[in-house]
Amino acid sequence: MSESFDKSVNQRKLRWGVLSAARINRRTIPGFQAAYNAEVIAIASRDPQKGRDAAAQWNIGKVYEGYEALLADPEIEAVYIPLPNGLHTEWVIKAAQAGKHVLCEKPLALTPEEVERIAEAAQTNQVQIMEGFMYRYHPQQARVRELLTAGAIGEPRILRGTFAFSISTPGYNIRLDDKLGGGATWDVGCYAVNISRWLFGSEPQTVYAQAEMQNGVDISAVVILDFGEGRKAVLDYGMNYGRRSFYEMVGTGGTVSVENMWQEPEVPGYVYLRSNQTGLTTETYPLTNHFQLQAEAFSQAVLTGQPTPYPLTDSAANVRVCLAIQEAIKTGQVVKIHGI
């Protein structure tokens, strides 16, 4: 993980375009605009009015009707893709073929085979592609990893996490559309899987899961990932209950926890360390925009020709676990995770 870098190395700003006027842009675009080495110069939407509204809201100079037109703009060097999950692979590959570097919202793809196609497109067209798990760039997460490495809680044993929000708008929602990669596992469960793999520093071997279904997709789930050697992740996530992004790692000598992994930039971050010997210690982190830090890290990699902070092999591993969760939900059995 390489969130820190010398900002004097290259002060030029990478020129970005955004494919879609998606709701998540209200968080990501301000992050790009705050980045020292990035600038959003164009946005595209299939709805011309939405595109114009978004451009006006964030003072973006170019508006394109349709994604192909934006990809054809030679001034744009990189694109951010917040499209529905089921459209990621298609447009990531098209962007790569247009010679654009790509930061794509999670999940990058819905199968390992799709990730492989994306990796081939990146190599063929000599572009950088990365999946957008913004939380990994917040200093509170880096601190948790430092504490675990230092043995502050002894040997890590159990990761408990809950990751949820509530779909509040009535009617059709792409998050509930199976054809577009809907469901809680792809929307919030991928975060739960990612933080588990990230903190244990290894891959789970088996999974057991149960879920509540709606419209043919899982709207909430409870999952147990077995990492072997007595290490497990016990996770619940969903799109039908109160907003939560909490995790706690329980070790042989204490616990370390974060109350809000999806940290809003307007709120300080906190890390809680509970030691069997010294009791509770609370560490506070100043206002930080992890979307900004993610944009800076990716832009710096492109501008300096260095590898991205997280390779596509990490994305493929995350997808395999999510697919195993879905198989466990369907079969009601413990599922072995293959290909890790």
Side-chain angles (χ1 to χ4, degrees), residues 1-3 106-108 112 115 130-164 185-186 188-209 221-237 244-263 269 271-276 283 290 309-328 334-340:
M1 181 165 149
S2 52
E3 292 84 349
K106 56 76 200 167
L108 175 67
V115 178
M130 191 178 75
E131 184 174 24
F133 279 110
M134 78 297 184
Y135 80 90
R136 297 186 289 200
Y137 300 85
H138 198 290
Q140 67 184 4
Q141 322 307 345
R143 178 56 175 159
V144 170
R145 290 250 294 208
E146 288 176 0
L147 290 168
L148 295 179
T149 301
I153 64 167
E155 292 294 324
R157 285 291 180 263
I158 300 293
L159 178 72
R160 298 191 302 112
T162 178
F163 307 87
T185 295
W186 291 123
V188 287
C190 61
Y191 281 112
V193 169
N194 198 259
I195 190 67
S196 302
R197 296 175 48 251
W198 195 59
L199 291 181
F200 277 126
S202 63
E203 302 298 340
Q205 299 171 3
T206 63
V207 59
Y208 177 73
V222 178
V223 174
I224 300 176
L225 296 175
D226 190 339
F227 286 80
E229 301 178 351
R231 302 171 302 162
K232 291 181 173 63
V234 181
L235 311 167
D236 71 269
Y237 54 82
R244 292 281 283 154
S245 60
F246 164 85
Y247 69 84
E248 177 184 54
M249 180 66 84
V250 182
T252 55
T255 66
V256 61
S257 61
V258 166
E259 292 287 342
N260 188 359
M261 191 176 84
W262 300 331
Q263 191 64 53
V271 172
Y272 301 95
L273 175 64
R274 293 172 175 85
S275 167
N276 293 350
E283 299 182 4
H290 45 198
Y310 297 95
L312 294 177
T313 51
D314 180 73
S315 299
N318 218 67
V319 167
R320 290 189 186 98
V321 180
C322 289
L323 288 175
I325 290 172
Q326 292 182 325
E327 184 181 349
V334 174
V335 171
K336 185 177 181 179
I337 303 171
H338 299 282
I340 298 294

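Keep in mind it's a predicted model, so treat the numbers as computed, not measured.
Remark: Ser245 pairs with Phe163, Asn260, Met261, Trp262 by the side chain to side chain contact (heavy atoms under 4.5 Å, CB included) rule, at least two apart or across chains. For Glu327, there are no salt bridge (charged side-chain N to carboxylate O under 4.0 Å, His left out) partners, not counting sequence neighbours. Ala209 pairs by the side chain to side chain contact (heavy atoms under 4.5 Å, CB included) definition with Val223, Ile325, Ala328, Ile329, not counting sequence neighbours. By the salt bridge (charged side-chain N to carboxylate O under 4.0 Å, His left out) test, Asp226 is found to be paired with Lys232, residues two or more places apart in sequence or in another chain being considered. With sequence neighbours left out, the side-chain hydrogen bond (donor to acceptor under 3.5 Å, both in side chains) criterion links Ser202 to Arg231. The side-chain hydrogen bond (donor to acceptor under 3.5 Å, both in side chains) test applied to Thr185 returns Asp218, Tyr237, not counting sequence neighbours. Glu131 pairs by the side-chain hydrogen bond (donor to acceptor under 3.5 Å, both in side chains) definition with Ser315, not counting sequence neighbours. The ring pair (Phe, Tyr, Trp, His ring centres under 6.0 Å) check on Tyr208 picks up nothing, with sequence neighbours excluded. Take Glu146 and apply the side chain to side chain contact (heavy atoms under 4.5 Å, CB included) test, not counting sequence neighbours, and it matches Arg143. With sequence neighbours excluded, the residues satisfying ring pair (Phe, Tyr, Trp, His ring centres under 6.0 Å) with Phe133 are Tyr191. Thr206 pairs by the side-chain hydrogen bond (donor to acceptor under 3.5 Å, both in side chains) definition with nothing, not counting sequence neighbours.
Tyr135 and Gln141 make their closest contact through O-CG, 2.8 Å (heavy atoms, listed as atom of the first residue, atom of the second, distance). When all heavy atoms of Ala324 and Ile337 are compared, the closest pair comes out as CB-CG1, 3.7 Å. Of all heavy-atom pairs between Leu225 and Pro204, the closest is CB-CB, 4.0 Å. When every heavy atom of Gln140 is checked against every heavy atom of Gly269, the shortest pair comes out as OE1-CA, 3.3 Å. For the residue pair Pro112 and Arg320, the shortest heavy atom distance occurs at CG-CG, 3.6 Å.
Between Asp236 and Arg244 there is no salt bridge, since none of the side-chain N atoms of the basic residue sits less than 4.0 Å from a carboxylate O of the acidic one.
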Apply side-chain contact (heavy atoms from CB on, under 4.5 Å) to the pair Leu312 and Leu108, showing each step before the final yes or no. CA-CA 9 Å; Leu312 294 177; Leu108 175 67; 3.5 Å; yes
When you look at Ser257 and Arg274, which way does the side-chain contact (heavy atoms from CB on, under 4.5 Å) test go after all the steps? CA-CA 9 Å; Ser257 61; Arg274 293 172 175 85; 3.4 Å; yes
Would Gln326 and Trp186 count as a side-chain contact (heavy atoms from CB on, under 4.5 Å) if you check the C-alpha gap in whole Å, the side-chain angles of each, and the deciding distance to 0.1 Å? CA-CA 10 Å; Gln326 292 182 325; Trp186 291 123; 3.1 Å; yes
Donor-acceptor list for residues 147-159 side chains, cut-off 3.5 Å, not counting sequence neighbours:
residue	atom	partner	partner atom	Å
Thr149	OG1	Arg145	O	2.9

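When atom types are taken as modelled, the side chain of Asn194 and the backbone of Asn318 share no donor-acceptor pair closer than 3.5 angstrom.
To the nearest 0.5 Å, atom CZ of residue Phe227 and atom CZ of residue Arg197 are 8.0 Å apart. Atom OG1 of Thr255 is separated from atom CG of Leu273 by 7.0 Å, given to the nearest 0.5 angstrom.
Between Val321 and Val207, every side-chain heavy-atom pair lies at or beyond the 4.5 Å cut-off.
Taking the six-membered ring where the residue is Trp, Tyr310 and Tyr137 present perpendicular rings, their angle passing 60° and hence far from 30°.
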